[in-house]
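Taking it in order: structure first as structure tokens, then the write-up.
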There are 4 protein chains.
Amino acid sequence: MSNVELAQSLPMFYRAYLQISNFISSSLSIFKTSQIVSLIKILEDAYANDRKILVMGAGRSGLVGRAFAMRLKHLGFDVYVLGDTIVSPIRRGDVVVAISGSGRTALIVTAAEAAKTAGAVIVAITTYIDSPLAKIADIVVEVPGRAKVSRIEDYFARQVLGVHEPLAPLGTLFEDCTMIFLDSIIAELMHKLGKTEEDLRQGHANIEV
Amino acid sequence: MSNVELAQSLPMFYRAYLQISNFISSSLSIFKTSQIVSLIKILEDAYANDRKILVMGAGRSGLVGRAFAMRLKHLGFDVYVLGDTIVSPIRRGDVVVAISGSGRTALIVTAAEAAKTAGAVIVAITTYIDSPLAKIADIVVEVPGRAKVSRIEDYFARQVLGVHEPLAPLGTLFEDCTMIFLDSIIAELMHKLGKTEEDLRQGHANIEV
Amino acid sequence: MSNVELAQSLPMFYRAYLQISNFISSSLSIFKTSQIVSLIKILEDAYANDRKILVMGAGRSGLVGRAFAMRLKHLGFDVYVLGDTIVSPIRRGDVVVAISGSGRTALIVTAAEAAKTAGAVIVAITTYIDSPLAKIADIVVEVPGRAKVSRIEDYFARQVLGVHEPLAPLGTLFEDCTMIFLDSIIAELMHKLGKTEEDLRQGHANIEV
Amino acid sequence: MSNVELAQSLPMFYRAYLQISNFISSSLSIFKTSQIVSLIKILEDAYANDRKILVMGAGRSGLVGRAFAMRLKHLGFDVYVLGDTIVSPIRRGDVVVAISGSGRTALIVTAAEAAKTAGAVIVAITTYIDSPLAKIADIVVEVPGRAKVSRIEDYFARQVLGVHEPLAPLGTLFEDCTMIFLDSIIAELMHKLGKTEEDLRQGHANIEV
């Protein structure tokens, strides 16, 4: 098969990749700068004052949270992940970063409420500012997901691409966008904390699986 | 502060987000179609013949692998993740998807070798086709990472942005790109297997954390 | 140092080991046979009818549950663990085994309630038959813990051993006792299902960490 | 059914429970006091000098290790678990506790070797002092397992109980015995470090799953 024929044998791969990468690119203008500034400030303060960070999320949102938590660890934060074996108790002034596209994941809302009762500052990363998670949060950071833009995306997929099923099903767009968003937060934190890539390498686990 | 001032207070966030999203977008033309066709075929065959899939990766590559494995599970695959409590034994004809940007992560190479000895088909997702992981793999799927493009990226960062440290440190570009890549593989599999988003929803855990 | 002097240099190790092993031994007469019969029956039925098992517990109780789940997997059960990456959706007739000494762990009660709503049969393994978890359970299996016997144990530790602090702190006695209890359930299941050790070995992961 | 009839309907449960609890009780006289003294000393030194502890084990041995690591965390140790999302890099003088009944688990031996190269003190908890893991360890702590006593146990099971299959299959005896052993190490550490149960409660995660 020629390259063109090969590519034609993968119609959805290329369309999905384009859709997801376009979604990520176009989300940059949707982020609320003031929310990001607040998030960075909370994390800088936690770093300066030796506060713990607890990252939580269910399913794929939890995995994206874990990828963020790893980088915070590399930067020298005292960070934990809900679901890890080793988790420190959360006290007044510690920070919880709770990730849920819908803001309705039952176990995450329950866990965030418990953290709030313990006095933690709750950061919700979600598409929905009126969700249960957002309502108990001290600050909300909006990350777009398919829910928020689904009509346009679906229109595009159906009318332009002639695709009848979503190319990025369920929470995919939120999860992928949050991954890039949080990696960009790491870049800002590196800058603000004066950390180099070599610092991160030094903080990286040397025995892991 | 005005919005412009706010944005100026986050110089690295916006640059990093642009760099990562541009990297993801421009990677589409770098993927090798024939490798993707082979990967899809191996996964389709595993599905059709009730073969198990074992996904493995260390650190953030492992998290990206887990996000992929969750979607395979939603699609109805008999899939496992190295590191989960519940893992099935791997037999001849089962498929291992091993993810490592460098292709040199010791525990992943060791695990992939053990799987090969057990008769599994080894898929390596890596930036380096001449790495130890790639060498033992039955098929290699190349995903670009900073390593492969670092000079250009670093040049861009240093000359154009005036940034002295990488905006996407360590394996970030590989991990983020692999996340989008594998989500696009899911779209193609949905199409090939005739699965709808509702099918995925039915296969999604209803109790999770 | 002589062996006697060495042993004297470890006063608490030997006392704790004796206390825990005595607790485990003496618990055998405390288990309620009818509860065990019910548990075995539910698990046999799940096996015969291809029902899924979801095991859940927080902290060390969760680890004991995972050890049990691994053996169920080796026996051929379709079993999942809350917290694993790969978890199947729970449907009517599936079985949830929820482990909590106090029966009050918030996230476990929340998760068990969600499973009950989905139609699952809820098995509570707990010291407290009047706890929130026990109340929503279809069957309760009582495993003694320090809470239940603490006065005697504490009296023994304080008066006989002259120890002012518990030798088996927090949930230790419940967790250790549940571990042995569930391993004995596995022996009964092997017998009832006609499984040999070789069957378990065949069902054991060959690539794990 | 009467209680006696009920108990008769569970022949293997009671036999297995007796066998495992007898095995645990009788192991106390088998432990090598000097090995335990060395282990306690290494852990005390790590605590006093702010050294990290990394606990590792595969499968059920890994779960037993995690239960131990949780208690070390409650005691205030800077402890990590191989497989957790958050793991600190291991440096010269840090301590690795590697658990493997056979001492031959490939990924654990590989990980322990990597830790040794990084300068860590390696503690092997194993039944076999001549195993690959024991050979690279700085100290070996022997915990009996079925392998070591299998002839007697099997004789007992076969001749006395008339049972043709092991009541405690595969690594069960090692894993259960190691669980009680390590919980007794915790009691000794509480004593040596002057920690009360209330201290442990303060160090216990308040949000966990």
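In terms of heavy-atom pairs under 4.5 Å with chain A, the best-connected choice from D:E208, D:M56, D:R91 is D:R91. When each of A:V209, A:I90, A:V55 is checked for heavy-atom pairs under 4.5 Å with chain D, A:I90 comes out on top.
Proximity to chain A is limited to the side chain of D:L54, based on heavy atoms less than 4.5 angstrom apart. Interface remark: D:A114 contributes backbone and side-chain atoms alike to the contact with chain A (heavy atom separation under 4.5 Å).
Using a 4.5 Å cut-off between non-hydrogen atoms, the part of residues 66-89 of chain D that approaches chain A consists of D:R66, D:A69, D:M70, D:K73, D:V79, D:Y80, D:V81, D:L82, D:G83, D:D84, D:T85, D:I86, D:V87, D:S88, D:P89.
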